[in-house]
Amino acid sequence: MRILPTIDLVEAERAVDLIVKKALELQKAAVVAVTDSHGELICFARMDGAPISSIRIAMNKAWTAARARKPTQQIGEKMRHTEQGNDIAYYGDPKFVGWGGGIPVWRDGEVAGAIAVSGLSSEEDVALASLAVEQISSSQDPSSAS
């Protein structure tokens, strides 16, 4: 039997809490989504004042990062320069997005899930999601590793 690493609810909640705390420090409002390796939602938060459109975008960023196993910003850069990659239609699903802010979480060479932020600038979305990815990556209990 193959055992795959995953993000559990406690880790997902800590990631969301960290991003919300940092956004509040910046006096900004964001939407945060944490998914499993299939892109299915584990934890979600929409801060007061965050754009309504960012709800779906955050979920789609996390879904894309988990499914494509790469940051959404990287996908977007390749879409804008199709000689480096593919047009978004290549992926065949309207959930795929190329805006920065969706980042996969890797464990033991496998994608365990993804974290995404939406509602701020692309740079801020990436920075906040990166903080949470680092937190999850560094907080893994070695006794729970497969």
Side-chain angles (χ1 to χ4, degrees), residues 1-26 28-47 50-80 84-146:
M1 177 189 305
R2 186 170 173 215
I3 298 174
L4 298 175
T6 190
I7 298 172
D8 65 29
L9 179 59
V10 171
E11 292 171 312
E13 289 173 336
R14 279 197 306 247
V16 168
D17 290 345
L18 174 65
I19 292 168
V20 168
K21 179 183 172 195
K22 293 294 183 183
L24 287 171
E25 288 173 8
L26 296 170
K28 307 246 177 145
V31 178
V32 185
V34 181
T35 66
D36 63 16
S37 62
H38 304 287
E40 300 303 330
L41 204 57
I42 298 172
C43 193
F44 177 86
R46 178 175 58 109
M47 296 174 67
I52 297 294
S53 60
S54 293
I55 295 169
R56 179 73 51 208
I57 293 169
M59 290 189 290
N60 287 352
K61 284 181 181 182
W63 186 89
T64 300
R67 292 286 180 113
R69 289 155 166 50
K70 61 180 82 167
T72 54
Q73 185 172 21
Q74 184 180 7
I75 293 168
E77 288 166 0
K78 289 186 176 185
M79 287 181 334
R80 284 184 280 286
Q84 297 175 18
N86 301 301
D87 183 84
I88 195 69
Y90 165 83
Y91 294 100
D93 193 304
K95 283 186 178 181
F96 272 93
V97 296
W99 296 300
I103 303 174
V105 176
W106 289 87
R107 287 197 177 142
D108 304 322
E110 301 277 349
V111 171
I115 298 173
V117 178
S118 185
L120 309 174
S121 71
S122 185
E123 294 79 19
E124 290 170 316
D125 287 350
V126 170
L128 290 177
S130 295
L131 281 174
V133 168
E134 289 171 22
Q135 175 187 319
I136 285 181
S137 297
S138 66
S139 70
Q140 182 181 2
D141 178 6
S143 65
S144 69
S146 320

Tell me if a side-chain donor or acceptor on R67 pairs with a main-chain N or O of H38 at a distance below 3.5 Å.
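Yes.
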Checking T72 side chain against W99 main chain: does a donor-acceptor pair fall under 3.5 Å?
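Checked: pair present.
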Over all heavy atoms of both residues, which pair between [X] and [Y] is shortest? Give the atoms and the distance, please.
| X | Y | answer |
| --- | --- | --- |
| A132 | A15 | CB-CB, 3.8 Å |
| D125 | S118 | OD2-CA, 3.5 Å |
| K61 | V117 | NZ-O, 2.9 Å |
| S130 | I103 | OG-CD1, 3.2 Å |
| T35 | W63 | CG2-N, 4.3 Å |
| A66 | A114 | N-CB, 3.7 Å |

What's the verdict on side chain to side chain contact (heavy atoms under 4.5 Å, CB included) for I75 and T64, showing C-alpha distance, side-chain angles and the deciding distance?
CA-CA 9 Å; I75 293 168; T64 300; 3.5 Å; yes
Report the distance from atom [atom1] of [X] to atom [atom2] of [Y], rounding to the nearest 0.5 Å.
| X | Y | atom1 | atom2 | result |
| --- | --- | --- | --- | --- |
| D36 | L41 | CG | CG | 9.0 Å |
| I42 | D8 | CD1 | CG | 8.0 Å |
| S122 | Q73 | OG | CD | 5.0 Å |
| K22 | L120 | NZ | CG | 14.0 Å |

Going through the distances and angles, do F44 and V31 end up as a side chain to side chain contact (heavy atoms under 4.5 Å, CB included)?
CA-CA 8 Å; F44 177 86; V31 178; 3.4 Å; yes
May I have the step-by-step check of salt bridge (Lys or Arg N to Asp or Glu O under 4.0 Å) for E11 and R107, ending in yes or no?
CA-CA 13 Å; E11 292 171 312; R107 287 197 177 142; 2.5 Å; yes
If we check side-chain contact (heavy atoms from CB on, under 4.5 Å) with I19, which of these qualifies: I115, L131, L24, V34?
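The side-chain contact (heavy atoms from CB on, under 4.5 Å) with I19 is passed solely by I115 among I115, L131, L24, V34.
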Between V97 and I57, is any pair of side-chain heavy atoms under 4.5 Å apart?
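No - every pair of side-chain heavy atoms lies 4.5 Å or more apart.
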Would S121 and E124 count as having a side-chain donor-acceptor pair, cut-off 3.5 Å?
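Their side chains do contain a donor-acceptor pair, which is all the 3.5 Å distance test asks for.
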Should K95 and E40 count as an ion pair when the cut-off is N to O under 4.0 Å?
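A salt bridge is absent here (no side-chain N lies under 4.0 Å from a carboxylate O).
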Does this structure show an ion pair linking E110 with R69, if we count only N-O contacts that are shorter than 4.0 Å?
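No salt bridge links E110 with R69.
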